[in-house]
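One structure is given below, encoded as structure tokens.
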Amino acid sequence: MPELPEVETVRRGLEPAMEGERFVKVDVRRGDLRWPLPKDFAQRLKGKTVTGLGRRAKYLLADLSSGDVLVMHLGMSGSFHVFHEKGKHLGRYYHDRSKHVAHDHVVFHMSSGASVTFNDPRRFGSMKLVARDKLDAEPLLKGLGPEPLGNEFDAAMLARACHGKKTSLKAALLDQRVVAGLGNIYVCEALYCGRLSPKRQASTIAGRNGESNERAERLVEAIKAVLQAAIKAGGSSLRDHRQTDGDLGMFQHDFQVYDREGEPCRTPGCKGIVKRIVQNGRSTFYCPICQK
DNA sequence: CCGACCGCCTGCCTGC
DNA sequence: TGCAGGCAGGCGGTCG
């Protein structure tokens with residue numbers, strides 16, 4: 001599931017259970033995530049307080065009283081669940097510390113009384129402890145492009161990042177060095193919203209000498225609008241992904257093109273049919289008529 | 001340097 | 001019903 005809107009939704013869900021709270025106990029049930037958790041992972045968390053919970057692109061960043069930052073990524077299938085009360089949760093999760101379901105790999109028992117479970121079937125997710133004063137040098141974060149919802153992300157910046165790029169606009173927007181936090185779904189949605197073809201060469205969104213960056217402007221506005229709407233809807237829920245409280249995100253109902261192959265284009269007056277193509281080994285959905 | 005491709009790992013859906 | 005094959009929201013590494 002997790003692209004920027006889902007990670008932001010997770011961050012907001014975890015905040016009340018974790019911010020200002022201490023790790024009372026940390027259970028590592030399976031440490032071989034994307035990279036193996038260090039042996040002393042649980043020990044380095046125990047007794048420390050979460051002083052803040054932030055997000056950079058698709059990474060969650062928990063600031064700890066020890067001076068470390070816990071950097072977490074959900075990969076393709078990772079999710080967090082918060083359990084406040086004893087008993088069943090969605091018929092399969094329990095607050096009881098001895099009971100777990102498949103793929104519950106890490107459990108944080110917080111001083112708030114809540115337990116926070118990291119579940120990840122495919123184990124593409126990751127956790128890493130990094131000293132805060134070395135965060136700038138952290139390879140996972142170092143090459144990331146601008147935050148798409150930040151004020152500094154504008155048409156000029158996007159045009160510059162795409163300058164000279166021979167690759168498709170779709171591939172460029174998926175490149176986290178160009179803009180950080182978009183994934184396959186929101187790239188498709190943003191391109192539709194900005195009426196730009198995913199097949200267009202990335203460099204062509206910039207206006208040539210003197211021309212305005214009209215396409216880049218439109219694309220930046222589309223990216224921001226789609227992400228903001230998705231966050232507002234609590235992210236999207238595909239397969240069995242849910243928010244930290246078990247609720248479903250709602251934005252999947254608002255997809256205009258993603259996974260809508262063969263459906264009529266939703267642009268008023270457009271007679272196009274949503275098409276699926278494969279770019280760089282991944283599905284792209286778009287309207288061949290109104291996305292130019 | 002850039003861009004295309006592979007692999008990681010599991011679950012689910014489709015078609016035979 | 002069973003099984004093989006394809007596909008999935010990400011990203012780091014390698015190769016040309």
Side-chain angles (χ1 to χ4, degrees), chain A residues 1-11 29-37 55-60 71-80 92 101-105 118-128 138-145 148 160-191 198-203 223 226-227 230-231 233-243 248-255 257-262 276-285:
Chain A
M1 105 88 211
E3 304 181 29
L4 188 153
E6 289 74 35
V7 177
E8 178 58 23
T9 300
V10 168
R11 192 197 67 75
R29 306 185 66 246
R30 234 195 126 149
D32 54 336
L33 304 182
R34 169 131 207 195
W35 302 288
L37 294 180
R55 179 189 58 73
R56 173 74 173 102
K58 301 174 196 172
Y59 290 91
L60 289 164
V71 179
M72 299 175 281
H73 197 287
L74 299 174
M76 292 272 266
S77 59
S79 59
F80 279 99
R92 61 187 201 115
V101 297
H103 313 304
D104 281 350
H105 301 315
F118 177 67
N119 183 287
D120 185 7
R122 292 171 76 176
R123 305 203 316 282
F124 289 172
S126 59
M127 293 191 188
K128 188 172 180 181
E138 169 52 42
L140 292 175
L141 307 174
K142 208 175 173 183
L144 291 174
R160 205 178 325 124
C162 289
H163 179 76
K165 278 213 169 286
K166 295 274 184 205
T167 194
S168 67
L169 186 52
K170 162 83 183 307
L173 294 178
L174 276 177
D175 184 338
Q176 302 297 297
R177 296 169 298 185
V178 171
V179 53
L182 299 177
N184 204 38
I185 291 176
Y186 293 105
V187 165
C188 291
E189 293 299 312
L191 285 169
K199 297 196 283 190
R200 165 188 288 279
Q201 185 174 305
S203 60
I223 289 168
V226 166
L227 294 180
I231 291 171
S236 42
S237 303
L238 295 189
R239 301 183 176 77
D240 62 350
H241 175 72
R242 287 165 188 266
Q243 299 178 12
L248 292 165
M250 284 295 142
F251 194 70
Q252 66 278 12
H253 303 298
D254 296 330
F255 291 165
V257 287
Y258 184 81
D259 209 17
R260 294 195 181 280
E261 182 182 18
R276 173 183 177 270
I277 59 173
V278 175
Q279 292 178 290
N280 304 85
R282 311 188 65 187
S283 290
T284 301
F285 300 88

- Query: Is A:His103 near enough to B:dC9 that one of its side-chain N or O atoms lies under 4.0 angstrom from OP1 or OP2?
  - Reply: no
- Looking at A:Lys165, does any N or O in its side chain come under 4.0 Å of the phosphate oxygens OP1/OP2 on B:dG3? yes
- Query: Rounded to the Å, how far apart are A:Asp259 CG and C:dG6 P?
  - Reply: 19 Å
- Item | Contacts of type side-chain contact (heavy atoms from CB on, under 4.5 Å), residue A:Arg34, not counting sequence neighbours | A:Ser126
- Message: For a quick check of understanding: with a heavy-atom distance under 4.0 Å over all strands, which category does A:Ser126 fall into, base, sugar-phosphate or nothing?
- Response: nothing
- Message: Under a 3.5 Å threshold, yes or no: a donor from one side chain and an acceptor from the other, between A:Gln279 and A:Thr284?
- Response: yes
- Message: What is the distance, to the nearest angstrom, from the CD atom on A:Gln279 to the C1' atom on B:dC5?
- Response: 15 Å
- Main-chain N/O of A:Asp259 paired with A:Arg276 side-chain donor or acceptor, under 3.5 Å: no
- Item | Per A:Ser283 side chain, nearest of listed nucleotides C:dA8, B:dA4, B:dT10 | C:dA8
- Over how many whole Å does the gap from A:Asp104 atom CG to B:dT10 atom P extend? 15 Å
- Counting distance only, does the side-chain N/O of A:Arg282 pair as donor-acceptor with the main-chain N or O of A:Ala171 below 3.5 Å? no
- Item | Atom-to-atom span, CZ of A:Arg276 to P of C:dA8 - whole angstrom | 5 Å
- Quick one: A:Lys142 NZ to C:dG12 P, roughly how many Å, whole number? 14 Å
- Assign each of A:Tyr258 and A:Arg34 the nucleotide of DNA chain C bearing its closest heavy atom; nearer the 5' end lies the nucleotide of A:Tyr258
- Query: Is there a donor-acceptor pair closer than 3.5 Å between any side-chain N or O of A:Arg55 and the backbone N or O of A:Val7?
  - Reply: no
- Message: Using atom P in both nucleotides, what's the gap between C:dG6 and B:dC6 to the nearest angstrom?
- Response: 14 Å
- Message: Starting the side chain at C-beta, find the nucleotide from B:dT10, C:dG12, B:dG3 nearest to A:Thr167.
- Response: B:dG3
- Note on the structure: Note on DNA chain B: ranges paired as stems (three or more Watson-Crick/G-U pairs in a row, both atom distances under 3.5 Å) are B:2-8 with C:10-16, B:10-16 with C:2-8
- Spacing of CD belonging to A:Glu6 relative to CZ belonging to A:Phe251, to within rounding of 0.5 Å: 9.0 Å
- Item | Check: A:Tyr258/A:Ser283 side-chain N/O donor and acceptor closer than 3.5 Å | no
- Round to a whole Å and report the spacing from CD1 of A:Ile185 to C1' of C:dC7. 14 Å
- Message: For A:Ser79 and A:Asn119, which I'm curious about, is there any donor-acceptor pair between the side chains at under 3.5 Å?
- Response: no
- Options C:dG10, B:dA4, C:dC7, nucleotide nearest the side-chain atoms of A:Met76: C:dG10
- Message: Can a donor-acceptor pair be found, under 3.5 Å and without considering hydrogens, that links the side chain of A:Gln176 to the backbone of A:Leu182?
- Response: yes
- Query: What residue among A:Glu3, A:Glu189, A:Lys170 forms side chain to side chain donor-acceptor pair (under 3.5 Å) with A:Asn184?
  - Reply: A:Lys170
- Query: Is the aromatic ring of A:Phe124 within stacking range of B:dC8, meaning centres under 5.5 angstrom and planes under 30 degrees?
  - Reply: yes
- Message: Using a strict heavy-atom distance below 4.0 Å, which residues from residues 171-184 of chain A are in contact with DNA chain B?
- Response: none
- Query: Between B:dG3, C:dG10, B:dG11, which nucleotide gets closest to the side-chain atoms of A:Lys58?
  - Reply: C:dG10
- Query: Can you find a donor-acceptor N/O pair under 3.5 angstrom joining the side chain of A:Arg122 to the base of C:dA8?
  - Reply: yes
- Query: Please give, in whole Å, the distance from B:dC9 C1' to A:Trp35 CH2?
  - Reply: 15 Å
- Spacing between A:Asn280 atom CG and C:dA8 atom C1', to the nearest angstrom: 16 Å
